[in-house]
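Quick caveat: nothing in here was measured; it's all calculated off a predicted structure.
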Amino acid sequence: MDDTTKLPVSDTRTARITAEEALALHSEGKPGKLEIRLTKPLTTARDLSLAYSPGVAEPCLHIHRDPALAYDYTAKGNMVAVVSNGTAVLGLGNLGALAGKPVMEGKAALFKRFADVDSIDLCIDTEDTDAFINAVRYLGPSFGGINLEDIKAPECFVIEQRLRELMDIPVFHDDQHGTAIVAAAGLINACHLTGRALQDTRLVINGAGSAAIACAELVRAMGMRPENILMCDTKGVLYRGRAEGMNQWKSAYAVTTDRRTLTQALDGADAFFGLSVKGAVTEDMVRAMAPNPIIFAMANPDPEITPDVARGVRPDVIIATGRSDYPNQVNNVLGFPFIFRGALDVRASTINDAMKVAAAEALAMLAREDVPEEVAGAGGGKGLRFGPDYIIPHAFDPRLIARVSPAVARAAMETGVARKPIPDLQRYARGLAGRLDAGISALETITERLKADPRKVVFAEGEEEKVIRAAIAYRQAGYGTPVLVGREDRINATVAALGIPLPDGIEIHNARLSGSNRRYAEFLYTRKQRQGFLFRDCQRLVNQDRNAFAACMVAAGDADAMVSGITRSTGDTLENVRLAIDTSRDTVLFGLTMMLSRRSGTVLVADTAIHERPDAATLAEIARQSAAEARRLGLTPRVAFLSFSTFGDPGGTIPGSVREAVRLLDGQETDFEYDGEMAADVALSPQLRELYPFCRLTGPANVLVMPGLHAAQILTKAVPFLTSATTIGPLLVGLEKPVQIVNMGSTVNQILDMACFAAHAAIPR
């Protein structure tokens, strides 16, 4: 039999993974999971001179004079070393440094994926503690932090302690503290749900290795009384006076007690942390625990007792495991990326207990909030809400970085270990969210203006769950007053099913029962009576069509803006909106899509919604209005009219209409850069434009006017799948009143974003 068939693999119910699949992932394409990418262009000889010789001499000399400048001129401040000797690889034991490398690469990949922390794995081929310490202690100039990984106990305690003493950057053994932080977060919430005070909770910990001792250390730091913690190992309870199997780290957690076995320890206990082996806890042990017992069975890959067995004897149990196929997974990825992110950003000299407690508390509080749709999309399941089966956030919750890292940074500053304090933690949190999602960064200016000048937005499809959740988020963020159009009983039933309260300040309007019903019908009748509409037709529209009702509400000035589209196509929705709201005078109606990437920044694309083959005059007006929208978004517009042709080569009818649009703008007064026709690569690359020295654009184009709807749709719909860019839109531009129409199937966040764009357009310029 081939040795590869003996590899341990996941057998979870949610995702069965075979050895062959795991090996294929690691070997296909470039072997492994990491590569190095440049952050600066090295395309010309000048670039090379600046980045290396002779230009590199300048930062070297500056750093020599002031070592702190290394954080300004090098990647040190965003670089963590993942260091291991492979003596405790996952649950596989001592595989050695080389065999542990796939895990270390994986750890580095998680740092990047979840917190945008750059990381390099360093596998040190020695089991000699002093040699290992000496190999790591001199790495400080290259890294902002050291993440120790998969090092067996008790050596891991010595290594971490010594390196913390020798180095002035954070040294963190994740196997110890990562598990402790996530478990502590779950314990906070489990105690909250069962009405317990943490300091009075009786906790039994089975296992006395690195993670177990770190758990005990952290819950003590959070206020749990030492005498309430009973720790057990394979020989039983750690009690004062015991000599067998003890060491200095175990002795620190020995207490005065007459209990000697795990069975005795669990009798009447409130909570249990298992960091031991499969099957260590029996049904009888669970029966003997206090009412509403808390069990964290964290042995991997198989827990000390499974949730179904524990609930079979104690339906009142709250249980967590280390596995993803059961609720409440204790997953270290909830901790280490965001802890290091916060520590790096304040240039912390260490990661102390206060920072760990802050991380645990931030995780606990996040689990009590409404769960984003992205979690379900990443395999988290639907219907998650705070309760016995959801006391720990899901690893794919996109809010983790903006909650945990600022909490860690704050604690570092408050305890005096931060060498570069952050003056505005709220702005820092928003920046972190945008670090992983370019759309959030693009929305920052808009949302800041909304907080200063809130707006009333109608959510036309107010009975839909996604719409309700978006409206709640809009209100809670302080953007203004949301109005839900729908039947109050239906909306309240949905809210009750979600398990999240409807905040004060959200209005519900039933179109049929609204006191404004007749006024809106008369308004429509005045507009449409000479276009074949009877009064009863207008009355029926107001009564039965929520988009017509919402549009009337905005047109009448009873609300500032509206958002719709989750249940109907853009065309159908827009048709009913335009019953009440016209296109602005001397403008055209079109769709503007934002494309956002960390490489290219924000690029606007038009028209992505309305005009199939716009003529030259329409293209010129789209360019003018797009430039104005770019300015509202804080951009200096540089408009490129795109085509398959660049300045006449090759020819064709489409390039002709684009050239005519440019000619029309040449004859008008304009306050923005524009040129065309040109291919997309020429528009976006200043280097390519060197071939066309007459081109009027002074930098990469950030507004792309497309020659037709087909090209615009193909570009904006393909980009998210082919690159890491994010798209927002199409945003409607040109209506007299602010209206945005989302795509069917949009997420809660996408609905919220479009509501913000609509509201922002209502703020006086």
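- Within the model, atoms OG of Ser119 and CG of Leu34 stand 7.5 Å from one another, a figure rounded to the nearest 0.5 Å.
- Here the CG-CE distance, from Leu275 to Met231, works out to 8.5 Å after rounding to the nearest 0.5 Å.
- With hydrogens and angles ignored, the 3.5 Å screen pairs no side-chain donor or acceptor of Ser210 with any backbone N or O of Gln176.
- In summary, Arg399 and Asp397 engage in a salt bridge, as defined by a charged side-chain N under 4.0 Å from a carboxylate O.
- The shortest side-chain heavy-atom distance between Ile305 and Phe272 does not fall under the 4.5 Å cut-off.
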- Item | Stepwise side-chain hydrogen bond (donor to acceptor under 3.5 Å, both in side chains) check, Asn328 with Thr321 | CA-CA 6 Å; Asn328 300 324; Thr321 71; over 6 Å; no
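- Here Thr350 contributes atom OG1 and Asn352 contributes atom CG; the two are 6.5 Å apart, rounded to the nearest 0.5 Å.
- Relative ring orientation between Phe111 and Phe340 is described as perpendicular, the plane-to-plane angle rising above 60° on a 0-90° scale split at 30° and 60°.
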- Message: Between Val117 and Met79, is the side-chain contact (heavy atoms from CB on, under 4.5 Å) condition met? List the steps.
- Response: CA-CA 6 Å; Val117 172; Met79 184 71 70; over 6 Å; no
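- Atom CZ in Phe338 sits 6.5 Å away from atom CD1 in Ile401 (nearest 0.5 Å).
- Note that CD1 of Ile133 and CG of Asp128 are 9.0 Å apart. Values are rounded to the nearest 0.5 Å.
- The pair Lys278-Glu304 fails the salt-bridge criterion, with no side-chain N (NZ, NE, NH1 or NH2) lying under 4.0 Å from an Asp/Glu carboxylate O.
- Proximity of a side-chain donor or acceptor of Asn189 to a complementary backbone N or O of Ala364 within less than 3.5 Å is detected.
- Environment of NZ in Lys250: crowded, with over 12 heavy atoms of neighbouring residues, nucleotides or ligands closer than 6.0 Å.
- Here the side chain of Arg259 pairs a donor or acceptor atom with the backbone of Gln264 at under 3.5 angstrom.
- With no hydrogens or angles considered, no side-chain donor-acceptor pair links Glu155 and Asn85 at under 3.5 Å.
- In this structure, Phe273 and Phe296 have parallel ring planes: the angle between them is below the 30° cut-off, well short of the 60° mark.
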- Please lay out, stage by stage, how Gln199 and Asn228 fare under the test side-chain hydrogen bond (donor to acceptor under 3.5 Å, both in side chains). CA-CA 8 Å; Gln199 62 268 26; Asn228 282 352; over 6 Å; no
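- Between the side chain of Thr201 and the backbone N or O of Ala197 there is at least one donor-acceptor pair closer than 3.5 Å.
- In summary, Glu165 and Arg137 do not engage in a salt bridge, as defined by a charged side-chain N under 4.0 Å from a carboxylate O.
- Contact annotation: the side chain of Leu230 never approaches that of Leu203 to less than 4.5 Å [non-hydrogen atoms, C-beta and beyond].
- For Lys76 (side chain) and Gly140 (main-chain N/O), a donor-acceptor pair under 3.5 Å exists by modelled atom type.
- In this structure, a donor-acceptor pair under 3.5 Å is absent between the side chains of Thr87 and Asp150.
- In this structure, the side chain of Asn331 does not engage the main chain of Gly322 through any donor-acceptor pair within 3.5 Å.
- Using a 3.5 Å distance cut-off with no hydrogens or angles, the side chains of Tyr428 and Asp345 do pair a donor with an acceptor.
- Distance check: Arg410 CZ to Ile422 CD1 gives 10.0 Å after rounding to the nearest 0.5 Å.
- Looking at Asp47 and Lys40, no side-chain N of the basic residue comes within less than 4.0 Å of a carboxylate O on the acidic one, giving no salt bridge.
- Taking the side chain as every heavy atom from C-beta outward, Asn147 and Val83 never approach each other to under 4.5 Å.
- With a 4.5 Å cut-off on side-chain heavy atoms, Ile229 and Ile205 count as touching.
- Lys112 and Asp118 are joined by a salt bridge, as a carboxylate oxygen and a charged side-chain nitrogen come within less than 4.0 angstrom of each other.
- Using modelled atom types and a 3.5 Å distance limit, the side chains of Asn300 and Arg323 yield no donor-acceptor pair.
- Annotation: Leu98, atom CG; neighbour count of heavy atoms from other residues, nucleotides and ligands within 6.0 Å does not exceed 12.
- In terms of modelled atom types and a separation under 3.5 Å, the side chain of Arg202 and the main chain of Ala271 share no donor-acceptor contact.
- Of the N and O atoms on the side chains of Asn206 and Ser276, at least one donor lies less than 3.5 Å from an acceptor on the other residue.
- Looking only at side-chain heavy atoms (C-beta outward), Val80 and Ile146 stay at 4.5 Å or farther from each other.
- Although no hydrogens or angles enter the test, the distance criterion places a donor-acceptor pair under 3.5 Å between the side chain of Ser84 and the main chain of Glu149.
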- Item | Audit row: Asp200, Arg225, salt bridge (Lys or Arg N to Asp or Glu O under 4.0 Å) steps and yes/no | CA-CA 7 Å; Asp200 299 325; Arg225 293 202 292 267; 3.0 Å; yes
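- Of the charged side-chain nitrogens involved, at least one lies within less than 4.0 Å of a carboxylate oxygen, so that Arg242 and Asp233 count as a salt-bridged pair.
- Using modelled atom types, one finds no donor on one side chain facing an acceptor on the other under 3.5 Å when comparing Asp168 with Ser349.
- Val346 is not listed as a side-chain neighbour of Arg419, based on a closest heavy-atom distance of 4.5 Å or more.
- At distances below 3.5 Å, not a single donor-acceptor pair connects side-chain atoms of Arg260 with backbone N or O atoms of Gly236.
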- Task: Please test Asp72 against Arg347 for salt bridge (Lys or Arg N to Asp or Glu O under 4.0 Å), starting from the C-alpha separation and ending with a verdict.
- Result: CA-CA 12 Å; Asp72 298 315; Arg347 298 183 190 173; 3.4 Å; yes
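- In this structure, Glu244 places its CD atom where only 12 or fewer heavy-atom neighbours from other residues, nucleotides or ligands lie under 6.0 Å away.
- Between Ala97 and Asp125, the shortest heavy-atom distance links the atoms CB-CA, 3.9 Å.
- By the 4.0 Å N-to-carboxylate-O rule, Glu160 lies too far from Arg162 to be salt-bridged with it.
- For residues 170-193, the salt bridge (Lys or Arg N to Asp or Glu O under 4.0 Å) pairs, not counting sequence neighbours, are Lys107-Asp174.
- Closest heavy-atom contact between Leu148 and Val171: CD1-CG1, 3.9 Å.
- Side-chain atoms of Tyr390 come within 3.5 Å of backbone atoms of His394 as a donor-acceptor pair (strictly under, hydrogens ignored).
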